[in-house]
Peer 1: 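So that we are looking at the same thing, I have put the structure below in structure tokens.
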Amino acid sequence: MVVTRIAPSPTGDPHVGTAYIALFNYVWARKNGGRFLVRIEDTDRTRYVPGAEERILAALKWLGISYDEGPDIGGPHAPYRQSERLPLYRKHAEELLRRGFAYRAFETPEELERIRKEKGGYDGRARNIPPEEAEERARRGEPHVIRLKVPRPGTTEVKDELRGLVVYDNQEIPDVVLLKSDGYPTYHLANVVDDHLMGVTDVIRAEEWLVSTPIHVLLYRAFGWEVPKFYHMPLLRNPDKTKISKRKSHTSLEWYRAEGFLPEALRNYLALMGFSMPDGREIFTLEELIEAFTWERVSLGGPVFDLEKLRWLNGKYIREVLPLEEVAERAKPFLQAAGLSWPSEAYLRRAVELMRPRFDTLKELPEKAPYLFSEDYPFTEKALEKMREGLPVLREVEPLLRAQEDWSEAALDALLRGFAQERGLKLGQVAQPLRAALTGSLETPGLFEIMALLGKERVLARLARALAGGTS
RNA sequence: GGCCCCAUCGACUAGUGGUUAGGUCACCGCCCUUUCAAGGCGGCGGCGGGGGUUCGAGUCCCCCUGGGGUCACCA
């Protein structure tokens, strides 16, 4: 049974890196018919952000990454929030103390700062405090932490399933704090205790954890527990190759959703960051990913998160992957947010169909085609100019349109082409001014399609306004 | 800086000793065309460097270089 997990910290916006790692954990568990769980690592009271947990869980669900156990749905190893498991960590820290794998240290933060400056790091001086004395001071309530007593000299081997064996000289492994003076555990202790207790077999996490893995291996061994398999995934990168960050990239999953990216497309793109299909296909479903997934097809170079390619992929989903009805449905909130409306479902579907090849994110639909959803549409400078140039032509066309009974695309096409030919004009000389007048834009779907969709009344009204010199 | 990881076009990648080094995004051109897109076709562009191993290295080994991560009572 393969059990994987994602252990986000509720310290801010739902992070794209969390989704990235969660995706591979989810896929690996599914691939093996195992379980995937979510555990909230809220052991830093100073960085806790209210509401962050809910937002992270919501973002995972939005992406289609479901979990079998978690803080909101429970499970056999509840609770899934570390702040609710405090006694467990204390108990295990004390066990290490008893068995000589840890020791109490009484330095204040200020003292530690000084020691760090002088020695480059904590020098393990509290190891020299006789255990009886340490216990006595602890009993008296003296503030202190519990640190890992790294065996030195010696070496510790970490087996990363993606990189092979990495050997660390224990000299390089610090006596990290396991239990803070406020009684909360640090990541190292909590993560190992919980992964063991929750039956996690495969730890798939970001590469930034690789160097602290020997600490975890030491802990598993001290407890006498089986060490899980480790897979350290490459870090998502900013365009300048540094670890992806809020300052240089968009890291909030909520931003992507608000911007009109589809969860399917984002999830697909994240999968492309490091994984490739055997046949080179770049568009695939979650099921197809699970089916084809193998660690051999995961590359280790840190992938730069390319918003342009994500946009392309999102556009691909909009115009080729999702059914028209689905795209229309998902576009609704974005149209409404822009204060736009549509007369009927059929109208909306057709409007989306016409615009489909022209927007890459849902948010772009209202931005690029307000004229399909409102009579109060803006004019670009160039459209205004083009319309004014064509005013004489428009004046001639107006009565023809007024007299036109068949308002089908084909009929309008024939009418305007005929008119242009009679006048010795190119179709564009007629179509462009008309397009400008009817849409306020020079970049739109086919003119006849738009006219047919808007209907005779709206077209004539817009044209009348244009001829009267008004633009709104 | 110490330690660790990584290294194919600008970006994402395929490649698992013998390939004209392939695909995708971006970029450029052409086609289509009532505009803009989409789409089709074509193009530009890469194995960081040096040593080995081998009949033969993008592929294996070493060194260098470069990039990244990490060195908290944060995760």
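Chain letters run A, B, ... following the sequence lines, proteins first, then strands; residues in each count from 1.
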Peer 1: Identify the nucleotide, in any strand shown, that forms a Watson-Crick or G-U wobble pair with B/C71, with both distances under 3.5 Å; if there is none, say none.
Peer 2: B/G1
Peer 1: Output yes when A/Glu353 and A/Arg350 qualify as a salt bridge under the 4.0 Å nitrogen-oxygen rule, no when they do not.
Peer 2: yes
Peer 1: Out of B/U34, B/G15, B/U13, which nucleotide sits closest to the side chain of A/Arg297?
Peer 2: B/G15
Peer 1: For atom C1', what is the distance between B/C32 and B/C41, given to the nearest Å?
Peer 2: 11 Å
Peer 1: Quick one: what's the B/S/- string for nucleotides 66-75 of chain B, heavy-atom cutoff under 4.0 Å, read 5' to 3'?
Peer 2: -SSBS-SBBB
Peer 1: Any ion pair linking A/Glu94 and A/Arg90 (charged N to carboxylate O, less than 4.0 Å)?
Peer 2: yes
Peer 1: Of the listed nucleotides (B/A11, B/C3, B/U13), which one gets closest to any side-chain atom of A/Tyr168?
Peer 2: B/C3
Peer 1: Tell me: CG of A/Leu438 to P of B/U34, nearest whole Å?
Peer 2: 18 Å
Peer 1: Mind telling me whether A/His232 and A/Phe230 have parallel, tilted or perpendicular rings, with 30° and 60° as the class edges?
Peer 2: parallel
Peer 1: Ignoring hydrogens and angles, does a donor from either the side chain of A/Lys426 or the base of B/U34 sit under 3.5 Å from an acceptor on the other?
Peer 2: no
Peer 1: Can we say A/Lys149 and A/Asp175 salt-bridge, meaning some charged N sits less than 4.0 Å from an Asp/Glu carboxylate O?
Peer 2: no
Peer 1: To the nearest Å, give me how far apart CG (A/Leu165) and C1' (B/C5) are.
Peer 2: 14 Å
Peer 1: What is the distance, to the nearest angstrom, from the CD1 atom on A/Ile283 to the P atom on B/U24?
Peer 2: 12 Å
Peer 1: Flag the pair A/His216 / A/Tyr187 as yes when their ring centroid distance falls below 6.0 Å, and as no otherwise.
Peer 2: yes
Peer 1: Taking the six-membered ring where the residue is Trp, are the ring centres of A/Phe379 and A/Tyr377 under 6.0 Å apart?
Peer 2: yes
Peer 1: Among A/Leu178, A/Val192, A/Leu97, A/Leu197, which residue meets the side-chain contact (heavy atoms from CB on, under 4.5 Å) test with A/His92?
Peer 2: A/Leu197
Peer 1: Determine the contact category for A/Gly274: base if any of its heavy atoms lies under 4.0 Å from a base atom, sugar-phosphate if only primed atoms, P, OP1 or OP2 are that close, otherwise nothing.
Peer 2: sugar-phosphate
Peer 1: Mapping A/Phe275 and A/Val167 onto RNA chain B by nearest heavy atom, which one lands closer to the 5' end?
Peer 2: A/Val167
Peer 1: Look at the side chain of A/Glu282 and decide which nucleotide, out of B/U13, B/G23, B/U34, has an atom nearest to it.
Peer 2: B/G23
Peer 1: Could you tell me how far apart A/Met273 (CE) and B/U24 (C1') are, to the nearest whole angstrom?
Peer 2: 11 Å
Peer 1: Which residue pairs satisfy the salt bridge (charged side-chain N to carboxylate O under 4.0 Å, His left out) criterion with at least one member in residues 427-454 of chain A, sequence neighbours excluded?
Peer 2: none
Peer 1: Please encode protein proximity along nucleotides 35-49 of chain B as a string of B, S and -, counting only heavy-atom distances under 4.0 Å.
Peer 2: BBBSS----------
Peer 1: If you measure from the C1' atom in B/C6 to the same atom in B/G48, how many Å do you get, rounded?
Peer 2: 13 Å
Peer 1: Using the C1' atom as the point on both nucleotides, what is the distance between B/C63 and B/G69, in whole Å?
Peer 2: 23 Å
Peer 1: I need the CG-P distance between A/Leu300 and B/U8, as an integer number of Å.
Peer 2: 11 Å
Peer 1: Return the value, rounded to whole Å, for the distance between atom OH of A/Tyr20 and atom C1' of B/C12.
Peer 2: 11 Å
Peer 1: Taking any heavy-atom pair under 4.0 Å as a contact, classify A/Met355: base, sugar-phosphate, or nothing.
Peer 2: nothing
Peer 1: What about the rings of A/Phe24 and A/Tyr231, do their centers lie closer together than 6.0 Å?
Peer 2: no
Peer 1: State, without any angle test, whether A/Tyr122 and A/Glu107 hold a side-chain donor-acceptor pair at a distance under 3.5 Å.
Peer 2: yes
Peer 1: Please state the C1' separation for the pair B/C62 and B/C55 - nearest whole angstrom.
Peer 2: 23 Å
Peer 1: In whole Å, what separates the P atom of B/G15 from that of B/C9?
Peer 2: 16 Å
Peer 1: In Watson-Crick or G-U wobble terms, both distances under 3.5 Å, what is the partner of B/G39?
Peer 2: B/C31
Peer 1: Quantified in whole Å, what is the C1' atom distance between nucleotide B/C12 and nucleotide B/C3?
Peer 2: 30 Å
Peer 1: Give me the distance, rounded to whole Å, that separates B/A7 from B/U13 when you measure between the P atoms they each carry.
Peer 2: 11 Å
Peer 1: What integer number of Å spans the P atoms of B/U59 and B/U8?
Peer 2: 12 Å
Peer 1: Return the 5'-most residue of the pair A/Leu310, A/Glu296 with respect to RNA chain B, ranking by each residue's nearest nucleotide.
Peer 2: A/Glu296
Peer 1: Give the rounded distance in Å between these two atoms: CG of A/Leu394 and P of B/U34.
Peer 2: 18 Å
Peer 1: Considering only B/U34, B/C3, B/U13, which nucleotide approaches the side chain of A/Ala431 most closely?
Peer 2: B/U34
Peer 1: For A/Tyr184 and A/Tyr48, I'd like to know if the aromatic rings sit close, meaning centre-to-centre distance below 6.0 Å.
Peer 2: no
Peer 1: Report the distance from atom CD1 of A/Ile173 to atom C1' of B/G2, rounded to the nearest whole Å.
Peer 2: 14 Å
